[in-house]
Structure formats: structure tokens, C-alpha cells
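Since the structure comes first, as C-alpha cells, the remarks are kept for the end.
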Amino acid sequence: MNQDNSSYTVTAPDLYMTEHGISIFISSTSDELVDSIKSTFETVVATSIVFLVQNKKTNAGTLPWMWNNSKTCDFMIIDVDTCAWEDIMAGLLKSKEEESTVLFYSDKYKRRETVKLINATGTNLVVRSISEINNYIKLQMSPEYINEI
């Protein structure tokens with residue numbers, strides 16, 4: 001069996017499923033941030049990766065796509081500084097019982113009050129840089145990485 005370690009970028013309204021690998025939902029209008037996140041995952045993950053990218057603010061036309069993908073993805077990163085409220089809500093509503101991760105990203109703190117609400121319960125993680133995302137991913141993929149930090 002050949003191992004597929006390709007990455008695929010999918011945007012609304014398209015869908016894509018991989019035979020083995022993970023799906024990562026990214027909601028951000030910052031192309032630079034999306035590219036950095038993709039590069040970080042491609043460096044660490046050895047399987048195929050499907051990047052489900054909401055690169056425009058969620059609207060009535062893209063809401064069903066965003067909601068369905070947010071429910072089925074393995075990893076979700078929400079750019080609090082640029083995304084729509086609906087994306088934040090989808091991240092907050094994602095079940096904590098499933099084996100999936102939601103990271104809220106805010107490097108500019110444009111929505112300080114929103115970040116305070118996300119942090120209010122202590123169950124959601126807000127990261128402020130790509131290096132924090134990188135460290136978190138490495139910890140999730142390889143617990144022995146903690147000794148390198």
C-alpha cells in the first residue's frame with residue numbers, strides 16, 4: 001500500500017474525503033495565516049491532510065458548508081480576528097467529547113471581549129502565534145516533544 005502524504009485544500013462549496021489522514025478546518029480571511037497553518041501541519045503530519053478553508057467571512061451561502069465541515073473535521077482553527085460570529089459559534093459548539101481539537105487564534109486581539117468570553121470557561125484554548133500552534137500540534141502528535149520545549 002502506498003502511503004498518501006499529500007495535502008488538499010478545499011473551499012466552499014466543494015467537499016473532499018481522504019482514505020487515511022486528517023481533516024483540518026481553518027476559518028480565516030488572512031491568506032498568510034492560512035498558508036502558515038497549512039505549512040505547519042504539512043511539516044508535522046505524515047499522512048494526507050484535507051484543509052477545509054473558509055477564506056471569506058461566512059454568509060448565508062457558505063453557512064451550511066462551514067457547519068457540516070466543522071462537525072466532521074479532526075482539527076479546527078478559528079481566526080477570531082477575521083472570521084464571522086458563526087464560525088466562532090461553530091467552534092464553541094463542537095463537542096468536547098469527540099477526539100477533535102478546536103483552537104481559537106488571535107494575534108491582533110481585535111475582538112478582546114470575544115476572547116474573554118471564549119476563555120471564560122477555561123475549556124477553550126486561544127493561541128496568539130503560529131509558533132504556539134506549531135508547539136501544540138507537535139505535543140498532540142508526539143508527547144515526547146514536551147522534553148524538547
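If you're wondering where the values come from, they're calculated on a predicted model, not measured in any experiment. Atoms considered below: every heavy atom in the structure, side chains included; atoms not considered: hydrogens, waters and symmetry mates.
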Given 3.5 Å as the limit, does a donor-acceptor pair link the side chain of [X] with the main chain of [Y], or not?
| X | Y | result |
| --- | --- | --- |
| D81 | K108 | yes |
| R111 | V80 | yes |
| S39 | S36 | no |

Measure across A60 and P64 and return the closest heavy-atom pair with its distance rounded to 0.1 Å.
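Heavy atoms only, the tightest pair is O-CD, 3.6 Å.
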Which pair of heavy atoms, one from D87 and one from S27, lies closest together, and at what distance?
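Taking D87 first and S27 second, the nearest heavy atoms are OD2-OG, 2.7 Å.
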Can you measure from [atom1] ([X]) to [atom2] ([Y]) and round to the nearest 0.5 angstrom?
| X | Y | atom1 | atom2 | result |
| --- | --- | --- | --- | --- |
| W67 | T62 | CH2 | OG1 | 14.0 Å |
| I78 | N124 | CD1 | CG | 11.0 Å |
| N119 | T114 | CG | OG1 | 11.0 Å |
| N135 | I133 | CG | CD1 | 10.5 Å |
| L52 | C73 | CG | SG | 7.0 Å |
| S70 | M76 | OG | CE | 4.5 Å |

Stepwise, does the side chain to side chain donor-acceptor pair (under 3.5 Å) test hold for T40 with N134?
CA-CA 6 Å; T40 298; N134 186 36; 5.0 Å; no
Using a distance-only test with no angle check, is there a side-chain donor-acceptor pair under 3.5 angstrom linking [X] and [Y]?
| X | Y | value |
| --- | --- | --- |
| D79 | T82 | yes |
| Q54 | T11 | no |
| S30 | S28 | no |

Going by heavy atoms in the side chains, are [X] and [Y] under 4.5 Å from each other?
| X | Y | answer |
| --- | --- | --- |
| L117 | V115 | no |
| F104 | S106 | no |
| I49 | Y8 | no |

Using ring-ring contact (aromatic ring centres under 6.0 Å, His included), reason through F41 and F75 one step at a time and then give a plain yes or no.
CA-CA 11 Å; F41 274 96; F75 210 103; 5.0 Å; yes
Quickly, which of I24, V10, I37, T9 forms a side-chain contact (heavy atoms from CB on, under 4.5 Å) with V53? Name it, please.
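The passing option is T9.
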Pair listing, ring pair (Phe, Tyr, Trp, His ring centres under 6.0 Å) test, anchored in residues 105-125, at least two apart:
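For residues 105-125, and leaving out neighbouring residues, there are no ring pair (Phe, Tyr, Trp, His ring centres under 6.0 Å) pairs at all.
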What pairs meet the salt bridge (Lys or Arg N to Asp or Glu O under 4.0 Å) rule with one or both residues in residues 24-53, with sequence neighbours excluded?
none
L92 vs I88, test: side-chain contact (heavy atoms from CB on, under 4.5 Å). Steps then yes/no.
CA-CA 6 Å; L92 291 171; I88 295 169; 3.9 Å; yes
L15: which residues meet the side-chain contact (heavy atoms from CB on, under 4.5 Å) condition with it, sequence neighbours left out?
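W65, N69.
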